[in-house]
Amino acid sequence: MKSRLSLSIFFSFIILGSLTTIYAQNQRNHGWVVSGNQGKLFIQGKEQIAIRDDFRFKSPENLSTNQEIDYYLMLGEYFLKTKDKEGIGRVLYDLRTKKGEYSFADFLLTSLWKQSQGDEVQAIKMLDTYIQKEPNSYLRNLAKNMRTNLFQSGEDEKKTMVRMDCQKSKPYYSLCRVFRLQYYIDLPTGKDKDMHKHFVNIMRVSSPFFEDGNLDWIPLLDRIDEDLPAKLAFLGFAREGIHFQKMILDLEKITEGNANENSIERMAFFQILSGDLSGAEESYLQFLKTARGKKTSILNRIYVKLGALSYFQKEYKKSLDYYLKLDLNNWSSDIHHPFLNEPMTLAEVKDLISVSLFKVNGSESALRALQKIKDPEKLTEADIWPKLRISQMLMDQNPELSSRMTDEIIYMAQEKKWRRLEYAATILQGYNQIYRKEYRKSTIELTKSRGILDEENAFYAAEFLRNFGFIFAHTASGKKGPVNGNIRDGLSDYLLNHPYEDLYYIRNYRPIAFSTDLFFEYALSHLRDDNDVWGLFDTLFKYNSVKTQRNLKSSPHSLFQIPYVNQQFKFLSGFGTARESKFFDSTYAESRETENSIQRKNEEENPRSLESVKHPTIFLLPYKEEIYVFTFNPKESKRNQLNWKLVRSQRPDASDIVDSVKELVSSNKDQEKVQIYLNDFGMGLYKTIKKELKDQSFVFFFSLYPNTDSQKPLNLYSWKCPTNMRSLDGKGINLVDTAYFEGSRILKDKERLHLWDFPATTNVSTLGPVLSWSCRLESGMTEEISFLKLFRRIDYRTVPKMIVYTERVLGKSWSDPALHYQWMHFWFRSGTKKIGYLPTLPVLDSISLQSLAEPAAYKEEGVWVFATAQ
């Protein structure tokens with residue numbers, strides 16, 4: 001069974017420090033390190049060379065064979081980049097005095113030098129000669145892969161790589177590792193039935209680059225595959241793409257004094273895909289410093305991106321400031337719209353500016369600016385968009401005039417078959433009619449809008465806005481309309497796209513007066529009046545899911561970044577560069593979309609799945625200054641199973657809430673367990689009711705996705721290193737090496753309970769880079785489990801069915817639940833089915849160890865949490 005993760009953490013799964021710290025590294029200990037505009041070369045922590053004006057080649061000293069080979073390759077890439085014939089000659093001379101394993105470096109650098117001189121025939125011949133004569137299969141395969149990288153091209157830039165098995169003890173380890181990564185990223189074919197397995201493997205083969213100091217630098221990466229970062233990003237591994245792109249940038253800084261503008265702009269795009277928007281802004285500003293004296297069209301392209309990026313971050317004043325730096329007298333049709341990824345006309349850029357102007361100075365300033373746009377003799381679709389913007393901004397002041405203008409635009413769009421324009425104008429007109437109290441006309445317009453967009457333009461749809469309009473029209477009319485389905489459909493669209501809500505104003509011409517807050521007010525009011533308890537529950541459940549996402553400030557990592565990056569592509573692909581254009585229709589992009597669909601399907605939460613639970617269930621779902629209490633009793637008739645109460649309080653221990661729980665418990669004559677939805681309010685309620693209802697068994701559950709637990713007996717496992725675990729040897733628990741316990745290696749037994757009872761190395765308040773657990777072996781050696789490594793390594797093949805942990809693991813008691821909440825999110829989204837928490841472990845023997853797999857062991861002091869409602 002593949003891992004599941006809740007839609008409540010679809011975009012922002014778990015706090016792991018800042019956006020950059022998950023894969024951030026300290027200064028490299030191996031490879032080139034930027035020092036100002038120059039560089040230093042380190043070999044496994046020891047500085048070998050500092051690039052200065054008087055820099056000359058020197059032979060390596062006191063290095064092992066493998067270290068010397070790395071040294072020659074890194075110096076070689078420097079001389080190749082600087083076109084230094086004397087320098088590359090000295091490297092080759094040294095290599096030829098050593099021979100043996102050094103021979104491949106000699107042939108490789110010679111081939112690259114001939115290629116750089118334009119002699120590709122001789123370059124290929126050099127590698128072919130080596131491949132024919134080399135008896136060592138490992139070195140021969142390295143040469144074959146390098147030849148493929150340098151001289152083979154094909155569809156999607158895929159390579160026919162030989163699969164490598166890499167060992168640190170062998171030379172060319174970093175090259176071997178990058179060839180192994182290339183092999184795995186080219187396996188997915190777009191719609192492969194084993195797609196999730198492919199993505200798990202890519203994650204695993206890319207992980208060593210963030211963990212192994214020998215892989216801090218990949219020599220010749222820009223020659224091996226300068227598009228490797230882009231391929232990873234288009235697969236959805238944006239953070240991995242950034243990691244490799246930084247190597248390419250740093251080599252450019254060291255050899256050329258500045259990074260290449262194209263490389264910087266590409267880096268900014270990858271940063272946007274990963275959610276590091278402030279980092280992307282810094283990259284664009286660095287581009288501008290590097291590009292002084294460049295053509296105005298190039299500067300315009302970057303200022304448009306900076307303005308759009310600031311708008312997306314709701315920094316409207318900064319957005320306008322960037323736009324005001326544009327030179328509109330020297331506009332180029334090569335500039336793409338950041339939010340539409342298509343060529344941008346002068347009228348469209350003025351339209352874009354007007355939205356930021358409206359946000360800063362109000363509608364009057366924006367309207368004056370829009371009205372100054374002169375029509376060309378022959379109108380195109382691009383020339384009409386600013387007129388629709390005028391209509392959008394006029395609606396508050398003059399809905400009659402706005403309606404007439406919008407009607408004219410609709411007729412023109414229909415005649416010219418400008419589908420996107422017709423769609424946006426029709427939706428706007430639906431809202432216009434609400435303003436004019438023409439509610440029936442409004443519903444007609446909104447109904448018409450559904451059939452306008454063809455498949456080519458489907459990405460432009462905004463179902464949230466369309467359904468939103470129906471709810472307003474019916475509710476404002478005072479007539480009870482059939483809008484429950486519109487609320488449900490609108491919510492589903494909003495749940496996926498809410499981080500991009502501000503773009504609705506730009507892309508879809510959303511009416512300014514109709515806020516999302518109003519949608520929830522109208523929706524909840526309608527559902528209460530209609531006594532649609534399931535609709536009410538669904539709306540509040542999804543509202544709280546969005547609220548949870550927005551409270552978490554980081555973006556996802558590891559495999560769970562794929563759906564996030566896929567959404568970034570959907571809305572922000574226009575920030576890409578011309579170099580990425582070939583990848584938008586590649587199998588890399590198609591594979592990402594397939595994996596996104598797989599994860600989405602496994603993640604879906606349907607509140608109606610509550611109907612299949614067997615135990616009484618409690619939800620506390622806050623809304624503004626109120627709490628909605630939902631209780632589900634499976635023993636009642638279908639009509640009466642789900643009940644709700646509105647409590648005008650923000651305290652989970654309010655008497656009305658406690659009374660609702662007591663009422664549910666009193667109807668539970670069999671004294672079976674009562675389950676509570678795991679959120680901040682549920683945890684707060686638990687503290688109170690556990691004291692008041694001591695005889696009642698309470699458990700938590702994490703999510704509402706379908707229950708797939710096989711309920712088979714679990715075998716106990718723990719880490720063999722800690723002393724307290726070693727004392728349990730022979731008592732019915734399997735003690736395993738670090739690699740198996742952290743997920744680096746796979747245990748054949750799938751039905752496992754992992755016992756964690758060892759202290760964190762450092763007290764922390766959030767899961768993240770510093771969290772780790774270490775112990776000393778009897779040999780005196782120290783071993784460590786790093787949370788970051790655990791995070792990358794856990795997948796559906798290595799995750800245990802159950803986790804039992806104690807207070808020592810996080811260094812926080814259950815009375816301080818925030819860190820525990822993050823810890824459980826991590827395990828549940830990875831595929832764990834149950835979690836048990838105890839303040840301390842009791843004295844354990846074979847019998848009491850087995851009891852850890854049962855809820856009864858947690859009734860007094862502990863906490864039991866199911867992945868899903870039971």
Side-chain angles (χ1 to χ4, degrees), residues 8 487 517 520-548 551 607-608 610-611 613 615-704 814-818 821 859 863-865 869-870:
S8 67
I487 294 174
D517 278 348
F520 281 105
E521 292 288 350
Y522 274 65
L524 292 173
S525 174
H526 169 81
L527 293 167
R528 288 195 304 264
D529 291 345
D530 199 39
N531 198 30
D532 182 353
V533 62
W534 282 101
L536 191 64
F537 174 60
D538 182 48
T539 300
L540 285 159
F541 188 83
K542 289 173 180 171
Y543 169 85
N544 277 277
S545 295
V546 170
K547 190 177 177 182
T548 299
N551 286 339
R608 279 284 179 177
L610 186 61
E611 289 179 300
V613 305
H615 300 290
T617 307
I618 302 165
F619 293 83
L620 266 58
L621 301 177
Y623 177 74
K624 295 187 175 179
E625 300 305 314
E626 304 165 337
I627 298 175
Y628 283 77
V629 183
F630 288 90
T631 57
F632 181 83
N633 191 340
K635 295 186 177 179
E636 294 284 352
S637 64
K638 286 282 185 184
R639 187 173 182 178
N640 299 317
Q641 285 179 327
L642 183 64
N643 290 282
W644 65 279
K645 178 189 289 186
L646 176 58
V647 179
R648 303 194 184 281
S649 169
Q650 279 286 287
R651 292 179 58 88
D653 59 352
S655 59
D656 284 354
I657 297 175
V658 174
D659 289 345
S660 293
V661 177
K662 288 180 177 178
E663 185 179 331
L664 182 66
V665 169
S666 66
S667 65
N668 175 26
K669 296 178 182 178
D670 296 333
Q671 293 291 303
E672 61 184 323
K673 60 178 174 280
V674 174
Q675 51 193 357
I676 304 170
Y677 178 57
L678 183 68
N679 61 6
D680 288 345
F681 286 81
M683 291 168 127
L685 171 66
Y686 180 75
K687 292 179 187 177
T688 301
I689 60 173
K690 193 169 183 182
K691 294 176 183 176
E692 296 201 19
L693 300 169
K694 293 179 180 179
D695 295 331
Q696 176 63 48
S697 174
F698 290 98
V699 297
F700 285 106
F701 67 96
F702 171 70
S703 186
L704 280 174
W814 185 257
S815 61
D816 184 12
Y821 188 67
K859 184 175 179 181
V863 178
W864 177 284
V865 190
Q870 301 297 298

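In this chain, residues are counted from 1 in sequence order. Here the structure is a predicted model, which is why all the values come from computation and not from measurement.
E626 meets the salt bridge (charged side-chain N to carboxylate O under 4.0 Å, His left out) test with R648; sequence neighbours excluded. Remark: W534 engages no residue in a ring pair (Phe, Tyr, Trp, His ring centres under 6.0 Å) (not counting sequence neighbours). Every salt bridge (charged side-chain N to carboxylate O under 4.0 Å, His left out) that D530 has, sequence neighbours left out, goes to K480. Under the side chain to side chain contact (heavy atoms under 4.5 Å, CB included) criterion, K694 pairs with no residue, sequence neighbours left out. Residues passing the side chain to side chain contact (heavy atoms under 4.5 Å, CB included) test with Q650 are P622, E625, I627, F681, sequence neighbours excluded. With sequence neighbours excluded, the residues forming a side-chain hydrogen bond (donor to acceptor under 3.5 Å, both in side chains) with N640 are S637, listed by chain and number. Residues satisfying the side-chain hydrogen bond (donor to acceptor under 3.5 Å, both in side chains) criterion with S666, sequence neighbours excluded, are absent altogether. Take S655 and apply the side chain to side chain contact (heavy atoms under 4.5 Å, CB included) test, not counting sequence neighbours, and it matches no residue. In this view, N531 and W644 satisfy the side chain to side chain contact (heavy atoms under 4.5 Å, CB included) rule, not counting sequence neighbours.
Once rounded to the nearest 0.5 Å, the distance linking CZ of F702 with CG of L678 reads 7.5 Å. Rounded to the nearest 0.5 Å, atoms CG (D529) and CG (L524) are 11.0 Å apart. If you take CZ on R608 and CG on L642, they are separated by 8.5 Å, rounding to the nearest 0.5 Å. Remark: F630 CZ to L610 CG distance equals 10.5 Å, nearest 0.5 Å. Rounded to the nearest 0.5 angstrom, F537 CZ and L527 CG are separated by 13.0 Å. Separating the NE2 atom in H615 from the NZ atom in K673 is a distance of 3.5 Å, to the nearest 0.5 Å.
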### Test log, rule side-chain contact (heavy atoms from CB on, under 4.5 Å), inputs L621 and Y543
CA-CA 9 Å; L621 301 177; Y543 169 85; over 6 Å; no

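Applying the side chain to side chain donor-acceptor pair (under 3.5 Å) test between K542 and each of N544, D538, T539 identifies D538 as the sole match.
Counting only distance, with no hydrogens or angles, the side chain of N679 and the backbone of L620 share a donor-acceptor pair below 3.5 Å. Between the Q675 side chain and the T617 main chain, no donor and acceptor come within less than 3.5 Å of each other.
No side-chain N or O of D656 forms a donor-acceptor pair with one of S649 less than 3.5 Å apart.
A pairwise comparison of heavy atoms in V863 and F700 identifies CG1-CD1, 3.5 Å as the closest pair. A pairwise comparison of heavy atoms in E521 and Y623 identifies OE2-OH, 3.2 Å as the closest pair. Taking each heavy atom of I676 and F698 in turn, the nearest pair found is CD1-CD2, 4.0 Å. Between L704 and P607, the shortest heavy-atom distance links the atoms CD1-CA, 4.0 Å. Across every non-hydrogen atom of S660 and T631, the tightest pair is O-CG2, 4.4 Å. Nearest heavy atom pair, residue M683 against residue P817, reads CE-CB, 3.7 Å.
Relative orientation of the F619 and F701 rings is perpendicular, given thresholds of 30° and 60° on the angle between their planes.
No side-chain heavy atom of V533 sits under 4.5 Å from any side-chain heavy atom of N643.
For residues 657-668, the set of pairs meeting the salt bridge (charged side-chain N to carboxylate O under 4.0 Å, His left out) definition, not counting sequence neighbours, comprises K662-E692. Sorted by first then second residue, the salt bridge (charged side-chain N to carboxylate O under 4.0 Å, His left out) pairs that include residues 630-645, not counting sequence neighbours, are K635-D670, K635-E672. Screening residues 680-689 for side chain to side chain donor-acceptor pair (under 3.5 Å), with sequence neighbours left out, gives Y686-K690.
Counting heavy-atom neighbours within 6.0 Å of K691 NZ, excluding the residue itself, gives a total of 12 or less.
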